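Beneath this line is the structure, given in structure tokens, with notes to follow.
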Amino acid sequence: MRRLGPIITAVFAAALVALLAFGLTTQGASRALDEALAAGRQPAAPNVTRPLPVLNNAGGPTARLTQWRGGVIVVNFWASWCPPCAAEAPLLERAQRTLTADHAGTVVGITYKDITANALSSIKSFGLSYPNLRDINGSYAAGYGTDKIPETFVLNRQLHVVAISRGEITEQSWLTRAIVEAERT
Amino acid sequence: MKRAALIALLALALLPAAAAAVKQRTSMEAILPQVMCVTCGIPLQVAVSPQADAERSYIQQLIDRGDTAAQVKRALVAQYGPTVLALPRASGFNLTVYIVPVVVVLALLALLALLLPRWRANQKQASPDGAAPPTPLSPEDASRLEQELARYEPSRAAPRPRSR
């Protein structure tokens, strides 16, 4: 009995430390995609088979990225309450028109922790013609290491990430270059 | 006259129901402490961000519509998922939030239950009445003590033999 006390205390302390370590390691956004790109690889896009609720123009109540496989996909995480997202919306819409005209792919907007009515109102006021889906609790975006918006990921025809913009896209040329790179690979 | 009395009676009967309905309507002050800012990860009450403003504005819309606290929370969960609620659901890893404090308290109580009797037994063994027993002085020490005391209290000193 005298030996049991310290053992129980040690096990208990170890369990608490493990819990703390788990909490700390699961915090923060993953940068695995960025690291893979920096290493010259084109990592597979996460969550491509996971269905998300549709806001507009995706032909059904839910949609998944795999339904646009075979073309370039520009995945843009945004929200109605985010001013930089509003600022980059015209660039994305321009890219969408080019992609549609060339039959080369599509832009897919994914709202991040946003209210449906507000998102729909923004889609209308920004004049977005590309499909938009809803990431209700941010768990979809977390797969991309996204915990701030706007962020944009350009995927090639095999649904591999070829370019990442963590922050507002300020230059149309960045988007054009990334789409050309995605078409080439 | 009879009809007027009947209407008055009916109104009186409906009054508590109407009051209850009004009572169920929630307020911003009641909801805010129960809700998180979903992008900042802090209570909405103290969050300052465009997203928090959007969330507060949505809640205000629901309150203005006459929703109860439960309805507001349900609507928020539908929009943002369960992480919008300040009190996490008791499922999956979130269970640790509820289990760990209970386990810690129980473990501390068990440890006390284990150690207290042992401490008390040790103390009793040291002294049955709780006080440390005085250690008896050796004859040499007793004699030295007497001599020292005699220096300060002459009355304690043994009478010296008179010189002739």
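Each chain gets a letter, A, B and so on, in the order the sequences are listed, and its residues count up from 1. Keep in mind that the numbers below use all heavy atoms, side chains included, and drop hydrogens, waters and symmetry copies. Every value quoted in this text rests on a predicted model; they were computed, and no experiment measured them.
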For residues [X] and [Y]: do they belong to one hydrophobic cluster (side chain heavy atoms under 4.5 Å, members Ile, Leu, Val, Met, Phe, Trp, Tyr)?
{"X": "A:Y130", "Y": "A:V108", "answer": "no"}
{"X": "A:L37", "Y": "A:W174", "answer": "no"}
{"X": "A:Y140", "Y": "B:Y80", "answer": "no"}
{"X": "A:L175", "Y": "A:V161", "answer": "no"}
{"X": "A:Y112", "Y": "A:L120", "answer": "no"}

Identify the heavy atoms of [X] and [Y] that sit nearest to each other, and give their distance.
{"X": "A:I136", "Y": "B:V77", "answer": "CG2-O, 4.5 Å"}
{"X": "B:Q79", "Y": "A:R134", "answer": "O-NH2, 2.8 Å"}
{"X": "B:A54", "Y": "A:N118", "answer": "CB-ND2, 4.4 Å"}

**OP:** Would you mind checking which part of B:S49 comes under 4.5 Å of any heavy atom in chain A, side chain (CB onward), backbone (N, CA, C, O), both or neither?
**Re:** neither
Original post:
Which region of B:V100, side chain (C-beta onward) or backbone (N, CA, C, O), has a non-hydrogen atom less than 4.5 Å from a non-hydrogen atom of chain A, or is it both or neither?
Top reply: side chain
Original post:
For chain A, which residues of residues 64-76 of chain B have at least one non-hydrogen atom nearer than 4.5 Å to it?
Top reply: none
Subject >> side-chain contact (heavy atoms from CB on, under 4.5 Å) partners for B:A86, two or more places apart >> reply: B:M36
Original post:
Which pairs pass disulfide bond (SG atoms under 2.5 Å apart) with one or both residues in residues 36-115 of chain B, sequence neighbours excluded?
Top reply: B:C37-B:C40
Original post:
Heavy-atom count around A:R50 CZ within 6.0 Å, excluding the residue itself: above 12?
Top reply: yes
Original post:
What distance separates B:Q51 CD from A:I149 CD1, expressed to the nearest 0.5 Å?
Top reply: 8.5 Å
Going by atom type alone, with no hydrogens or angles, which donor-acceptor pairs under 3.5 Å involve a side-chain atom of residues 67-82 of chain A and a protein atom two or more places apart or on another chain?
{"from": "A:Q67", "atom 1": "OE1", "to": "A:R64", "atom 2": "N", "distance (Å)": "3.4"}
{"from": "A:Q67", "atom 1": "NE2", "to": "A:A58", "atom 2": "O", "distance (Å)": "3.4"}
{"from": "A:N76", "atom 1": "ND2", "to": "A:E88", "atom 2": "OE2", "distance (Å)": "2.8"}
{"from": "A:N76", "atom 1": "ND2", "to": "A:T152", "atom 2": "OG1", "distance (Å)": "2.9"}
{"from": "A:W78", "atom 1": "NE1", "to": "A:N132", "atom 2": "OD1", "distance (Å)": "2.8"}
{"from": "A:S80", "atom 1": "OG", "to": "A:D114", "atom 2": "OD1", "distance (Å)": "2.9"}
{"from": "A:S80", "atom 1": "OG", "to": "A:D114", "atom 2": "OD2", "distance (Å)": "2.9"}
{"from": "A:W81", "atom 1": "NE1", "to": "A:K113", "atom 2": "O", "distance (Å)": "3.4"}

